[in-house]
Amino acid sequence: MRKQVLLLALVAILLVGLITVLSLPTGEAAEKGETIVYVMGAEPHKLDPPNQVDNMSETVVRHIHDNLVMFDEKLNRVPGLATSWTVSKDQLTWTFKLRKGVKFHDGTPFNAAAVKYNLDRLTNPTKTTRRTALYAPFIKSVEVVDDYTIKIVSEKPFGPILAHFAHGAGGIVSPAALEKYGDDIALRPVGTGPYRFVEWVPGDHITLERNKEHWGGVPKVEKIVFKFVKEDASRVVMLETGEADLAIMLPPIEIPRLEKNPKIQVIKTGSIRVIYIGMNVQKKPFDNVKFRQALNYAVDKEAIVKNILRGMGSVADSALAPGTWGYSPTFKYKYDPARAKALLKEAGIPEGTKVKLWTPEGRYVADRAIAEAVQGYLSAIGLNVELRKWEWAAYLSTLAKKPEEAEQELFLLGWAPSTGDGDWVLRPLFHTDSFAPKVNNYTYYSNKKVDELIVLGMATADQKKRFEIYKEAQKLIMQDAPWVFLHNMDQTVGVKKGLKGVVVSPLELVLVRSASFK
Amino acid sequence: MKAKKGKSGQFSLIWASLRRNRLALFGGWTVVLFLAVALLAPQLAPKDPYRQDLASSLQSPNLTYPLGTDEFGRDILSRIIFGARISLLIGVVGVSLSLLAGIVFGMVAGFFGGIWDSLIMRAMDILLSFPSILLAIAIVSALGPGLVNVMFSVGVISVPIFARIIRGSVLSLKEREFVEAARSLGASHYRIILRHLLPNCFGPVIVLSSLRVATVIITASGLSFLGLGAQPPTPEWGAMLSHGRTYLRAAPWVATFPGLAIMVVVFGFNLLGDGLRDALDPYLRE
Amino acid sequence: MLKYTIRRLLALIPILLGVISLVFLMFQIIPGDPARLVAGEEASAAMVAALRLELGLEDPLYIQYIRYVGNVLRGNLGRSIRSGRPVTQEILARYPATVELAAASTLIMILLGVPAGILSATHRRTLIDNASVVVAIGGASMPVFWLGLMLMLLFSVWLGWFPATGKGGLAHLVLPSLTLGASSTAILARLTRSSLLEVIRADFVRTARAKGLPERLVVYKHSLKNALIPVITITGLQFGSLLGGAVLTETVFAWPGIGRLMVDSIAMRDFPVVQGAILLVAATFVLINLVVDLLYAWVDPRIRYG
């Protein structure tokens with residue numbers, strides 16, 4: 001008897017448990033109605049503008065917050081919470097006129113004091129934010145002129161200042177909420193943006209609801225639900241079954257099929273991310289520019305873009321991607337294995353020379369596959385390439401070593417400047433003072449002329465002059481070939497037909513701030 | 001398990017039972033077939049499994065490429081043939097590692113008992129209370145992705161299972177007459193373990209090994225799925241399957257054939273293990 | 001029995017301490033710096049160093065260890081390095097989903113596995129037996145993520161019967177629990193079969209048969225209930241291990257469970273979350289084992305624990 005009872009009881013317990021769990025409110029909007037289900041590839045880390053550093057967080061943050069200066073689709077700087085700005089003759093004092101009648105989601109009024117509170121927080125030397133480095137170096141003092149005017153004083157002229165205010169970290173947060181929640185503001189953000197925070201169910205979704213009082217007009221869609229779906233194939237399926245209204249980071253191979261689907265619209269645009277294979281130029285034989293150029297000639301970038309990325313990218317012709325401010329095309333190392341071999345000979349590199357090629361997996365679109373293809377090409381010109389795939393965390397800390405301790409030879413990485421400005425590519429990646437582990441110059445590339453140009457560009461507020469300076473720097477870098485220049489990544493977004501107003505920014509951000517269903 | 005002294009008699013009994021179990025035989029032959037493929041890979045493979053040709057990437061199965069090509073234009077058939085070596089190696093080496101460690105721990109715990117037993121078995125309990133794939137993930141994260149580290153990690157997760165089963169067998173054997181007899185004749189611990197205990201644990205161990213090879217191959221493919229598997233361009237089936245899943249819709253052959261290869265070989269080991277269990281069990285032997 | 005229970009519960013303490021120490025050790029060996037990861041790719045070395053200080057990663061190892069154990073004893077699992085959220089919240093947000101999926105998979109395992117095993121045993125060496133073996137073991141021989149993706153393609157995309165991802169109503173549960181339950185179903189079916197075959201040959205069943213009882217009655221009345229003992233054990237153990245999360249299934253179906261949390265946290269080197277989650281999982285596993293053992297003793301009074 002006991003046994004039957006037990007089995008029955010067991011089944012009954014499981015059933016009851018299941019039913020209970022199922023009948024619990026899931027917190028999800030039951031009625032689909034005017035909700036955008038937005039499917040992203042990872043869960044955001046923190047929703048506090050200056051403390052978020054990942055794209056997913058920034059995406060959500062930019063729906064909840066506004067900046068003084070904002071980027072439009074083409075990365076032009078347009079008025080946001082500041083309606084206009086002027087700069088003094090000596091390029092040291094910036095005056096911002098602020099928008100009137102704006103309120104934070106918690107009812108706190110937006111004014112010059114709120115801006116000062118935020119900027120002080122961004123430059124506070126004792127309690128730094130993750131992005132303090134973007135602001136502290138150029139903001140000397142912040143002054144409230146009147147309720148709707150604020151003055152920012154720098155020590156030196158700073159060229160990319162507007163881009164830094166438009167950066168995701170420059171989202172203005174409610175001072176009252178900051179006082180109230182402290183660091184927990186990252187879990188319950190309060191801004192002035194078109195959508196207000198409702199809930200965050202860890203591991204599952206974040207829900208926002210529209211802010212009817214937004215200065216840009218009433219948002220048309222009632223709710224946005226951000227869902228975190230890591231598996232590429234699953235995001236595609238959700239788009240096809242209609243479970244998602246918008247899915248980002250679609251695998252290139254799926255695009256042609258999705259484009260044929262009458263219910264789906266695929267948006268393809270460029271991004272400012274360059275994918276490259278860095279070379280440790282302090283290490284033999286990579287210290288030889290001929291060898292580095294040989295590698296550039298050896299890899300068929302066109303074929304990689306065509307066959308592996310299925311056209312979702314363009315071959316890089318500069319260290320900057322076309323969407324980046326300051327980009328000018330230089331030239332391409334056209335695929336030419338014969339020339340590569342000749343250069344190897346000139347450089348005195350014997351056949352069968354061993355080189356290490358490192359790559360992460362799952363960090364960039366098709367990263368491992370691209371590295372595998374590059375291995376194939378380099379083997380074809382007679383090098384003995386040892387490919388190694390890394391787990392991201394270990395990869396980062398292995399790359400971040402002093403030049404004399406560095407083990408890397410060839411390493412695949414991508415870079416997208418979060419300010420959208422060329423300065424934020426050239427300075428961290430190519431300046432001598434940026435050698436890893438201090439900053440991100442993992443190639444240990446060092447060229448005096450380039451260093452000078454970078455510094456000069458940073459201190460030039462005249463944007464035309466700055467452009468010319470960066471043009472020169474890009475050319476020098478291309479010639480020196482510290483990278484195997486691969487490609488600029490395209491972004492792919494799948495959208496349910498009828499969803500209008502999706503903004504795909506080259507900063508790898510897909511925003512639905514003012515989207516609507518037809 | 002009945003431990004009999006006449007081992008050859010037992011073997012023929014098992015064999016007789018196994019021979020009548022058609023599924024188990026099928027499993028056995030599958031395993032043998034794949035072993036043969038692995039050994040003869042260079043002779044069997046029509047093409048170089050590493051040779052890339054981006055121009056002919058993702059071709060569907062045709063006369064030149066019987067199972068099609070992957071995204072690099074490599075011949076999938078040749079990669080599967082060479083991959084047999086890798087996947088079987090992972091299975092066999094992984095299980096051998098855990099078997100060895102399991103024998104040592106299980107024997108010591110069961111034979112010497114006392115503090116040894118408590119210490120070892122508590123340690124095994126701790127390992128066992130970890131979700132096994134997580135333990136494997138942690139180990140590979142620590143050592144870095146790669147074939148050897150994958151073998152090691154899938155080996156570690158099976159250690160407590162082997163240790164337990166061997167300890168159990170030893171405990172029941174220890175008190176039996178033939179062990180007592182050996183002991184009273186003055187045989188050393190070493191000799192008792194090696195000559196009397198070990199051979200008599202053979203039954204359950206062989207069943208478990210066969211089943212674990214299957215599990216280990218599956219677990220290794222899961223590690224590949226999480227980006228922690230064998231290094232590219234190694235033609236490990238799990239890696240081929242998990243990389244190929246990107247093309248599951250547009251070029252299904254890239255993932256499907258390695259997936260089938262895994263499935264068939266794992267199926268073979270499972271059937272074999274299952275049949276062996278039946279054959280070794282006097283109740284089920286018929 | 002009570003004494004035994006208490007002793008087993010006390011044994012939980014060294015196991016959990018062992019788990020804590022093991023995870024701690026693991027994070028010393030694993031390369032990669034959580035501060036660097038949460039600081040972002042663009043962060044400078046100075047930023048990373050400041051963060052390490054803030055997170056207490058610069059303290060000597062033994063201090064970190066003592067501090068952690070002390071906090072755990074006070075019921076404080078710390079905060080996630082990644083999100084800054086209390087670890088307890090991170091875990092509790094996911095645990096219901098894990099329990100739901102584990103329960104559903106276990107149910108599937110019982111509903112499919114036991115009947116398949118019985119059929120197999122009563123029709124030994126027939127087509128039915130072989131077919132059940134092939135289906136059961138075949139399902140268990142597919143890599144889980146592949147099975148999951150194929151089920152998703154078949155049932156969500158092509159047939160449109162079930163939603164592909166996420167947690168929600170019953171329909172959301174079907175595919176992930178089938179995927180997760182496949183291999184346990186095979187194990188259970190095989191176990192039911194061999195356990196039943198063993199019992200059928202036992203003396204008391206022979207007696208029943210000799211008394212001339214109909215075969216069906218012999219099987220169901222006399223054999224089955226005895227054969228079920230090991231089945232119950234395995235069911236419990238499988239349930240226990242399913243509660244440890246199902247990384248692959250959760251990833252494919254975007255199921256917000258604890259397995260995914262642990263893997264993501266390992267990747268982010270989010271040490272406090274991994275610690276907390278593994279502690280919970282290990283404790284659950286050990287407790288369920290204990291319950292299974294106790295049930296076992298209750299069902300089979302011949303077994304006594306001292």
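Side chains included, hydrogens not; waters and symmetry mates left out as well; all remaining heavy atoms used. Lettering follows sequence order; numbering is per chain, from 1.
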> What's the verdict on side chain to side chain contact (heavy atoms under 4.5 Å, CB included) for B/F162 and B/V95, showing C-alpha distance, side-chain angles and the deciding distance?
Replying inline: CA-CA 10 Å; B/F162 277 100; B/V95 169; 4.0 Å; yes

> Between A/A233, A/A380, A/A369, A/G362, which residue shows the highest count of heavy-atom pairs closer than 4.5 Å to chain B?
Replying inline: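 The residue among A/A233, A/A380, A/A369, A/G362 with the greatest pair count is A/A369.
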
>> Looking at chain B, which one of A/W392, A/W390, A/Y377 has the largest number of heavy-atom pairs inside 4.5 Å, strictly under?
In response: A/Y377

Counting only heavy atoms closer than 4.5 Å, note whether [X] contacts chain B via side chain, backbone, both or neither.
X: A/R363; value: neither
X: A/E372; value: both
X: A/A373; value: both
X: A/R257; value: side chain

Hey, are [X] and [Y] close enough for a salt bridge, meaning a charged N less than 4.0 Å from a carboxylate O?
X: A/D317; Y: A/K332; answer: no
X: B/D125; Y: B/R164; answer: yes
X: A/K283; Y: A/E409; answer: yes

> Given the options B/L248, B/D53, B/L54, which has more heavy-atom pairs under 4.5 Å with chain A than any of the others?
Replying inline: B/L54

> Most heavy-atom pairs under 4.5 angstrom with chain A, which of B/R249, B/R245, B/R51?
Replying inline: B/R249

> With a 4.5 Å limit on heavy-atom distance, are the side chains of B/D75 and B/P46 in contact?
Replying inline: yes

> Side chains of B/F152 and B/V148: does their closest heavy-atom pair fall under 4.5 Å?
Replying inline: no

Residue [X] versus chain A: region with a heavy atom under 4.5 Å:
X: B/A230; answer: backbone
X: B/L226; answer: neither
X: B/F225; answer: side chain

>> Looking only at side-chain N and O atoms, does B/E236 offer a donor or acceptor that is under 3.5 Å from a partner on B/T234?
In response: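 Judged by distance alone, the side chains do not pair up.
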
